[in-house]
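Reading through the structure tokens given below for one structure.
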Amino acid sequence: MNLSLRIFIGYFLVVGLTGLFILNIVITEVKPSVRETIEETMVDTANILAALATDELKSGTIGDGNFAQSVDRYATRSIDARIWHFRKTTLDFRVYVTDAQGKVVFDSERRAVGMDYSQWNDVRRTLEGVYGARTTREEPSKETSTVFHVAAPIMDGPRIIGSLTVSKPVARIDPIISRAENTIFRYGVALILASLAVGLYMTVRLQLSIRRLQHYARAVAAGEHVDAPHSSARELEELARAMADMRARLDGKQYVEGYVQALTHELKSPLAAVAGAAELLADDLPAEDRRHFAQTVQAQTHRMQSLIDRLLRLSRLESLEQLDTRERLELANVVGKTCAARELIASQRDIAISIDMGQSPPVIEGDAALLELAIGSLLDNAIDFAPAGSTVQLSATREGADVAVRIHNRGEAIPDYALPRLFERFYSLARPGTGARSSGLGLSIARQIATLHGGSVEVANHPHGGVEAVLRLPARGG
């Protein structure tokens, strides 16, 4: 099980179960809380009515006096009250009065007059001088038949002379309770789901950030030049920076080691040639031989200087993270300057250069000097391997979102064993005719420049003969 899934499951258990626990507590508390509120209101009502009924209970006219008439008028009143989301259309209080012995002397519903209610808690406790209330089912098998009863004492000075009870059916307040419970449940479930959605979102973001770090680590291990991923999480951002610093240090160490080894290997041959020529020049040689060996020293010195210069140039390119200069360029101008610089050497070898930029020359964005260097390196290779009397064809066309610069010569095909190694540093094939080899850095330089421009370089045998190099660069519209 991966880390992100574990985090999400842990988050789900904590948030989900906690939310359900709290939701259950809230819903459980709704009913008693509402009933407590109703009972508190009924206590006030019962005490007001008890105060109003005192005189008539003392005089014995409670059953047909003004109090009874007022209660009757209350029962027949029409009402249509909109209380928030609840509509009240009936008056639900029942009122009954007992004497000091618990005998009912008044009942607003006229069904308990004369009955002994002294056994009921509301009456008994009230007559005893304590708070009296009860909840009773009128039909034992039906919970909806439950009725609240709240009583208040009827006082004659300090003496309790009776009790007055106000009752209200639970069925009248159940819709309010049910609606409150349903509302709380809906919002509670919505809140839990929203919390889980947030948790899932954060888990996915964390997983994506970790995957970007994994891909970055694999790319670095594969030797690819990629930027360290960014993350909104400070810890992951710091981890990415730490990995980038580690990569830079390791790359620097490996880079130096690799270049020292390669340079040492490549300098062995010209140094050996110079050392051998120097030993011979120390002897007394004929003028012609001395001139020959002096030319060898000069040629090998030039070769070493060229190798070092190109190596330093490649080193600077590989250390760049992005272009220092980026401008809008007419590709035709870049190609024209590059070819003009090589016309003389091409003509000396009896090789023509053909340029085809199309009717609408492509526009690109980048560093003109570096692009001239890249195209020049590819063109130099094409000229070196082109047979005398042939033409090197250079064209540039728009291909989708890219511009493809193609350089095609009619030379011999590249051997199969050499194709995978063409872009290796210092790897070079012998030039036809002379057998000379280049520094083996031209294609590496071209590829590095292409990468800095967001493009690529390919070299392959052409299906119709010869070799074709393709430099692809992102096109710029307009």
Side-chain angles (χ1 to χ4, degrees), residues 225 227 309-310 313-314 316-347 349 351-386 390-411 414 422-423 438-439 441-478:
H225 290 276
D227 295 330
D309 289 344
R310 293 177 76 88
R313 180 174 289 171
L314 179 59
R316 285 194 295 270
L317 288 172
E318 290 182 337
S319 67
L320 290 177
E321 295 292 336
Q322 59 184 5
L323 292 174
D324 294 329
T325 303
R326 186 179 290 274
E327 56 185 335
R328 184 179 183 277
L329 301 171
E330 297 283 350
L331 188 56
N333 295 335
V334 178
V335 170
K337 290 180 181 179
T338 305
C339 293
R342 287 156 178 80
E343 282 184 353
L344 179 59
I345 190 171
S347 62
R349 300 180 185 180
I351 295 172
I353 300 176
S354 171
I355 302 175
D356 179 11
M357 301 300 294
Q359 296 182 353
S360 179
V363 177
I364 58 175
E365 189 177 77
D367 187 313
L370 291 182
L371 289 173
E372 288 177 20
L373 177 59
I375 296 173
S377 297
L378 299 178
L379 187 56
D380 287 340
N381 272 354
I383 293 173
D384 285 348
F385 288 92
S390 66
T391 299
V392 174
Q393 297 173 327
L394 192 154
S395 64
T397 56
R398 182 75 176 263
E399 297 181 0
D402 296 332
V403 172
V405 180
R406 298 179 179 273
I407 301 174
H408 178 208
N409 71 4
R410 295 290 178 177
I414 301 172
L422 291 179
F423 290 94
S438 69
S439 64
L441 296 173
L443 289 180
S444 295
I445 290 174
R447 182 173 64 178
Q448 189 62 32
I449 293 173
T451 301
L452 287 172
H453 284 79
S456 63
V457 174
E458 302 168 5
V459 178
N461 293 321
H462 197 277
H464 299 300
V467 176
E468 183 179 64
V470 182
L471 170 64
R472 298 185 188 277
L473 300 167
R476 170 173 174 167

Looking only at heavy atoms, which two atoms of [X] and [Y] are closest? And how far apart?
X	Y	result
Ala368	Glu327	CB-OE2, 4.1 Å
Leu378	Ile407	CB-CD1, 3.7 Å
Gly454	Pro474	O-CG, 3.6 Å
Leu443	Leu422	CD1-O, 3.3 Å
Ala404	Val470	CB-CG1, 4.2 Å
Val334	Thr338	O-OG1, 2.8 Å

Is it the case that the side chain of [X] and the backbone of [Y] share a donor-acceptor pair, with hydrogens and angles ignored and the cut-off at 3.5 Å?
X	Y	value
Asn409	Val467	yes
Arg398	Gly400	yes
His408	Thr391	no
Asp356	Ser395	no

- Task: Find the distance between CD (Glu365) and CG (Leu473) and round it off to the nearest 0.5 Å.
- Result: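 It comes to 11.5 Å.
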- Task: Kindly compute the distance separating CD1 (Ile351) from CD1 (Ile383), expressed to the nearest 0.5 Å.
- Result: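 So the CD1 of Ile351 and the CD1 of Ile383 are separated by 6.5 Å.
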